[in-house]
Amino acid sequence: VIMEPNRIMPDMELKVEVKDLPGKQVAYIRLNGGYKEIDYLGTWMRLLQFAKEQNIQPLSFSPICLYHDDPKVTEQDKLRTSVCLVLPRVRKPKGEVGVKEIPGGKYAIFRYQGPYENLHAVYDTIYAKWIPEKGYKLGDTPGFEKYLNHPDHTTPENLITEICIPVQ
């Protein structure tokens, strides 16, 4: 595995708040591979189709992605991502669609506006600068991203991503 150097941007403006989030029930599809190669949109559409077939109205049309591995220490083809759709209830998994709970708890929620290709530097800045400087410890559950607008209808510099990192 080739370790990428940290790309810390000390002047990056990130709006952050720390708050308790409730748990969320999600339908998800697990994908493997490099984050830039994943078909997020196609996977999201399959989740919406699942909700339609189950006659379940999503609580939010903002997709959530759980990233289970650190690309700095995990080979690209072994990276695991869960693309999630928040639902009020899910009866049971079906085919490639699984069901799980995203745990509630204390999260540092960073609001980033800009192109997705800068997210690597955003994460480096959060983990190498913000978390140590504020004295937080990482929680035991995976963090996740919530996408608040759609890249097909939004210029890259206006894309808004919430990055939710579990902290103690």
Side-chain angles (χ1 to χ4, degrees), residues 1 4 7 9 12-16 21-104 107-127 141-166:
V1 176
E4 291 185 35
R7 289 187 282 167
M9 301 171 74
M12 178 181 291
E13 284 198 31
L14 288 174
K15 294 180 181 159
V16 62
L21 295 179
K24 298 171 180 36
Q25 173 107 8
V26 298
Y28 72 94
I29 297 176
R30 172 76 54 88
L31 303 170
N32 294 316
Y35 296 149
K36 293 179 182 174
E37 287 81 48
I38 290 175
D39 178 14
Y40 293 99
L41 182 58
T43 305
W44 176 244
M45 298 309 289
R46 293 197 308 274
L47 283 169
L48 287 172
Q49 183 62 36
F50 167 82
K52 184 178 176 183
E53 289 170 4
Q54 298 287 319
N55 200 25
I56 302 171
Q57 182 68 32
L59 290 177
S60 166
F61 285 97
S62 297
I64 290 176
C65 285
L66 291 170
Y67 296 98
H68 302 277
D69 303 294
D70 181 348
K72 289 189 177 295
V73 297
T74 303
E75 294 176 32
Q76 290 291 305
D77 62 337
K78 293 187 171 54
L79 292 171
R80 297 166 299 152
T81 303
S82 294
V83 178
C84 304
L85 175 62
V86 180
L87 300 172
R89 60 178 165 57
V90 183
R91 291 185 188 92
K92 57 185 177 182
K94 180 181 177 190
E96 69 175 336
V97 179
V99 175
K100 68 176 158 188
E101 174 100 1
I102 295 176
Y107 285 84
I109 304 165
F110 299 85
R111 188 178 178 100
Y112 163 70
Q113 180 174 328
Y116 293 150
E117 55 262 16
N118 289 347
L119 283 169
H120 182 81
V122 174
Y123 275 96
D124 285 351
T125 303
I126 290 169
Y127 285 114
T141 57
F144 60 90
E145 292 176 4
K146 185 174 181 181
Y147 308 98
L148 301 184
N149 48 17
H150 196 290
D152 287 352
H153 313 297
T154 310
T155 59
E157 58 273 5
N158 290 315
L159 290 169
I160 299 174
T161 307
E162 279 187 354
I163 300 167
C164 302
I165 309 291

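All residue numbers in this chain count up from 1 along the given sequence.
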Anything under 30° is parallel, anything over 60° is perpendicular, the rest tilted; go ahead and classify Tyr127 against Tyr123.
parallel
With ring-ring contact (aromatic ring centres under 6.0 Å, His included) as the test, pick out the partner of Phe144 among Phe110, Tyr67, Tyr107.
Tyr107
Taking CG in Asp77 as the centre, count heavy atoms belonging to other residues, nucleotides or ligands within less than 6.0 Å. Is the count above 12?
yes
Which heavy atom in Val97 sits nearest to a heavy atom in Leu47, and how many Å separate them?
CG1-CD2, 4.0 Å
Got a second to check how far Phe50's CZ is from Leu87's CG, nearest 0.5 Å?
7.0 Å
Give the table of side-chain donor-acceptor pairs shorter than 3.5 Å for residues 28-37, with sequence neighbours excluded, one pair per line with atom names and distance.
| from | atom 1 | to | atom 2 | distance (Å) |
| --- | --- | --- | --- | --- |
| Arg30 | NE | Ser82 | OG | 3.1 |
| Tyr35 | OH | Asp69 | O | 2.8 |

Minimum heavy-atom separation for Pro93 to Gly98, with atom names?
CB-CA, 4.0 Å
Lys72/Asp124 under side-chain contact (heavy atoms from CB on, under 4.5 Å): CA gap, chis, key distance, verdict:
CA-CA 10 Å; Lys72 289 189 177 295; Asp124 285 351; 3.1 Å; yes
From Leu85 CG over to Ser60 OG, what is the distance, rounded to the nearest 0.5 angstrom?
8.0 Å
Please report the closest heavy-atom contact between Ile56 and Pro88, naming both atoms and the distance.
CG2-CD, 3.8 Å
Mind checking the CG-CD1 spacing from Leu21 to Ile102? Nearest 0.5 Å is all I need.
10.0 Å
Shortest non-hydrogen pair, Gly143 vs Pro166, comes out as CA-CD, 3.7 Å
Search all heavy atoms of Phe61 against all heavy atoms of Pro63 and return the closest pair with its distance.
O-CD, 3.5 Å
Report yes if the side chains of Lys92 and Val99 come closer than 4.5 Å at any heavy-atom pair, otherwise no.
no
Walk me through whether Lys24 and Ile64 qualify under side-chain contact (heavy atoms from CB on, under 4.5 Å).
CA-CA 11 Å; Lys24 298 171 180 36; Ile64 290 176; 4.0 Å; yes
What distance do Leu66 atom CG and Thr81 atom OG1 have between them, rounded to the nearest 0.5 Å?
9.0 Å
Taking all non-hydrogen atoms of both residues, which atom of Ser62 and which atom of Trp44 are closest, and how far apart?
C-CH2, 4.0 Å
Audit row: Ile160, Arg111, side-chain contact (heavy atoms from CB on, under 4.5 Å) steps and yes/no
CA-CA 7 Å; Ile160 299 174; Arg111 188 178 178 100; 3.8 Å; yes
I would like to know whether Ile163 and Leu119 meet side-chain contact (heavy atoms from CB on, under 4.5 Å); could you show each step before the answer?
CA-CA 9 Å; Ile163 300 167; Leu119 283 169; 3.9 Å; yes
First locate atom CD of Gln57, then atom NZ of Lys52, and finally report the distance between them rounded to the nearest 0.5 Å.
11.5 Å
Salt bridge (Lys or Arg N to Asp or Glu O under 4.0 Å) contacts touching residues 141-159 (sequence neighbours left out)
none
Using 0.5 Å steps for rounding, measure from the NZ atom of Lys94 to the CD atom of Glu53.
4.5 Å
